[in-house]
Undergrad: 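What follows is a structure written as structure tokens; I'll ask about it next.
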Amino acid sequence: MTKKNQKLTGRFISLEGGEGAGKSTQIESMKKYIESKGKKVVLTREPGGSIGSEELRELLVSGEQNRWDPISETLIMYAARREHWIKKIQPALEDGLWVISDRFSDSTIVYQRYGKGVSRTLIRNLHSLTLGEKYPDLTLILDIPAEIGLKRSLNRDKETSTDNTRFENMDLSFHKRIRDGFKKIAAKHPNRVHSLNAEKPIEEVTKDIINLLSKTFNTELNSV
């Protein structure tokens with residue numbers, strides 16, 4: 001059997017949320033927990049994750065807010081995602097590894113559709129063209145009010161002196177649409193997508209995540 005047709009035996013988890021929701025902190029805790037169960041874990045992110053995708057990331061997260069037309073932005077997102085999938089995610093899953101991605105396709109639906117008005121049909125067709133029907137096995141959304149998340153994010157950006165603040169600099173109404181969009185996705189896909197209260201203390205959010213992982217992947221993570 002060629003690698004192209006090889007079955008994906010690993011697990012794919014995405015972590016979503018608005019700016020400042022705490023994804024970077026929680027993704028490390030998820031990795032430690034899954035590794036404690038004897039699994040090998042690959043951490044990655046979007047946009048980015050592979051060499052070509054990271055180059056495209058710089059075009060997306062830096063510069064002026066109106067740098068890209070919304071449809072152009074969506075096309076770049078899916079070019080990066082396609083590269084990310086074929087160069088990093090798919091090979092890892094074929095090797096039986098667990099992949100945790102800081103953002104995946106749900107972010108495009110939320111940021112470009114709900115945030116910027118790109119049509120659902122265009123995004124759905126792009127996904128089908130570039131990835132077929134491939135989606136994460138589990139998606140966790142860290143839900144937090146836009147005002148709180150943006151404050152956290154801006155404080156972080158000052159500490160790291162980053163210039164990659166294009167999305168953070170968009171107005172509050174945009175970020176409120178993002179939060180609403182994530183809520184709609186969670187309601188529409190209750191079997192795959194779960195929303196968690198990220199206003200809680202970090203330790204409590206971690207506990208909630210671990211409980212969900214344990215429940216969703218009970219056989220794989222809790223077998224003796």
Side-chain angles (χ1 to χ4, degrees), residues 12-21 23-24 27 42-93 99-136 139 141-142 146 149-150 153-154 156-157 160-182 184-185 189 193:
F12 181 28
I13 303 167
S14 62
L15 190 61
E16 299 279 5
E19 308 303 327
K23 294 183 284 78
S24 298
I27 202 170
V42 173
L43 295 185
T44 190
R45 69 175 181 176
E46 288 208 347
S50 65
I51 294 174
S53 300
E54 287 291 333
E55 293 173 350
L56 291 174
R57 175 186 175 86
E58 287 303 309
L59 299 177
L60 291 162
V61 301
S62 62
E64 297 297 321
Q65 297 175 37
N66 61 353
R67 180 177 187 178
W68 301 106
D69 166 82
I71 292 178
S72 299
E73 184 175 274
T74 306
L75 292 170
I76 299 171
M77 286 286 186
Y78 263 98
R81 182 163 297 127
R82 168 72 181 175
E83 278 292 297
H84 187 205
W85 177 267
I86 63 175
K87 298 290 179 61
K88 187 168 187 178
I89 298 176
Q90 180 172 279
L93 295 176
V99 178
I100 308 175
S101 183
D102 183 340
R103 299 197 184 282
F104 196 64
S105 57
D106 293 301
S107 273
T108 299
I109 295 172
V110 169
Y111 278 75
Q112 279 70 53
R113 181 191 168 197
Y114 291 109
K116 298 195 172 185
V118 176
S119 77
R120 172 192 291 184
T121 299
L122 185 147
I123 294 174
R124 182 169 57 238
N125 288 343
L126 273 176
H127 190 98
S128 180
L129 176 67
T130 56
L131 294 177
E133 294 304 312
K134 299 178 178 69
Y135 293 92
T139 296
I141 297 172
L142 300 183
L150 281 175
S153 183
L154 291 172
R156 177 198 65 204
D157 293 340
T160 59
S161 299
T162 181
D163 293 325
N164 295 337
T165 57
R166 179 168 169 261
F167 287 101
E168 287 93 330
N169 290 336
M170 293 180 184
D171 61 38
L172 181 59
S173 63
F174 172 83
H175 291 281
K176 287 184 175 181
R177 293 196 298 275
I178 296 307
R179 188 188 186 198
D180 290 341
F182 277 126
K184 290 176 181 177
I185 287 178
H189 303 282
V193 183

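These values consider heavy atoms only, across backbone and side chains, with no hydrogens, waters or symmetry-generated copies. Every value quoted in this text rests on a predicted model; they were computed, and no experiment measured them.
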Undergrad: Any chance the side chains of E16 and S107 put a donor and an acceptor closer than 3.5 Å?
TA: yes
Undergrad: Side chain to side chain contact (heavy atoms under 4.5 Å, CB included) for I178 and Y114? Distances and angles first, verdict last.
TA: CA-CA 6 Å; I178 296 307; Y114 291 109; 5.7 Å; no
Undergrad: Quick check: closest heavy atoms across G181 and V110, and the distance to 0.1 Å?
TA: C-CG2, 3.7 Å
Undergrad: Locate the shortest heavy-atom distance separating G48 from S53; write the atom from each residue and the value.
TA: O-CB, 3.3 Å
Undergrad: List the atom of R82, the atom of T130, and the distance in Å for their closest heavy-atom pair.
TA: NH1-O, 2.9 Å
Undergrad: For a 4.5 angstrom cut-off between non-hydrogen side-chain atoms, does T44 reach S101?
TA: yes
Undergrad: How far apart are the closest heavy atoms of S105 and Y78, and which atoms are they?
TA: CB-OH, 3.7 Å
Undergrad: Both conditions, 6.0 Å and 45 degrees, for the charged tip of R177 above the ring of F174: are they met here?
TA: no
Undergrad: Is it the case that the side chain of R103 and the backbone of G17 share a donor-acceptor pair, with hydrogens and angles ignored and the cut-off at 3.5 Å?
TA: yes
Undergrad: For L172, does the CG atom sit with more than 12 other heavy atoms under 6.0 Å from it, leaving out its own atoms?
TA: yes
Undergrad: Between S153 and G149, is there a donor-acceptor pair closer than 3.5 Å when you use the side chain of the first and the backbone of the second?
TA: no
Undergrad: Which heavy atom in R179 sits nearest to a heavy atom in A146, and how many Å separate them?
TA: CD-N, 4.4 Å
Undergrad: Is a side-chain N or O of R166 found less than 3.5 angstrom from the main chain of L60, in a donor-acceptor match?
TA: yes
Undergrad: With no hydrogens and no angle check, is any side-chain donor or acceptor of H84 less than 3.5 Å from a backbone partner on I89?
TA: no
Undergrad: For residues 116-124, which side-chain N or O atoms pair as donor and acceptor with protein atoms under 3.5 Å away, sequence neighbours left out?
TA:
unit_1, atom_1, unit_2, atom_2, d
K116, NZ, E73, OE1, 2.9
K116, NZ, E73, OE2, 3.1
S119, OG, L122, N, 3.1

Undergrad: What are the two closest non-hydrogen atoms of S24 and D102, and how far apart are they?
TA: OG-OD2, 4.1 Å
Undergrad: Is there a donor-acceptor pair under 3.5 Å between the side chain of W68 and the backbone N or O of L59?
TA: yes
Undergrad: Under 3.5 Å, side chain of Q65 to main-chain N/O of N169, donor-acceptor pair present?
TA: yes
Undergrad: Decide yes or no for P47 and V61: does some side-chain heavy atom of the first lie under 4.5 Å from some side-chain heavy atom of the second?
TA: yes
Undergrad: How are the rings of Y135 and H127 set relative to one another: parallel (under 30°), tilted (30 to 60°) or perpendicular (over 60°)?
TA: parallel
Undergrad: Assess the residue pair F12 and L93 against the criterion (side chain to side chain contact (heavy atoms under 4.5 Å, CB included)); give the C-alpha distance rounded to whole Å, side-chain angles, the decisive distance to 0.1 Å, and a yes or no.
TA: CA-CA 7 Å; F12 181 28; L93 295 176; 4.1 Å; yes
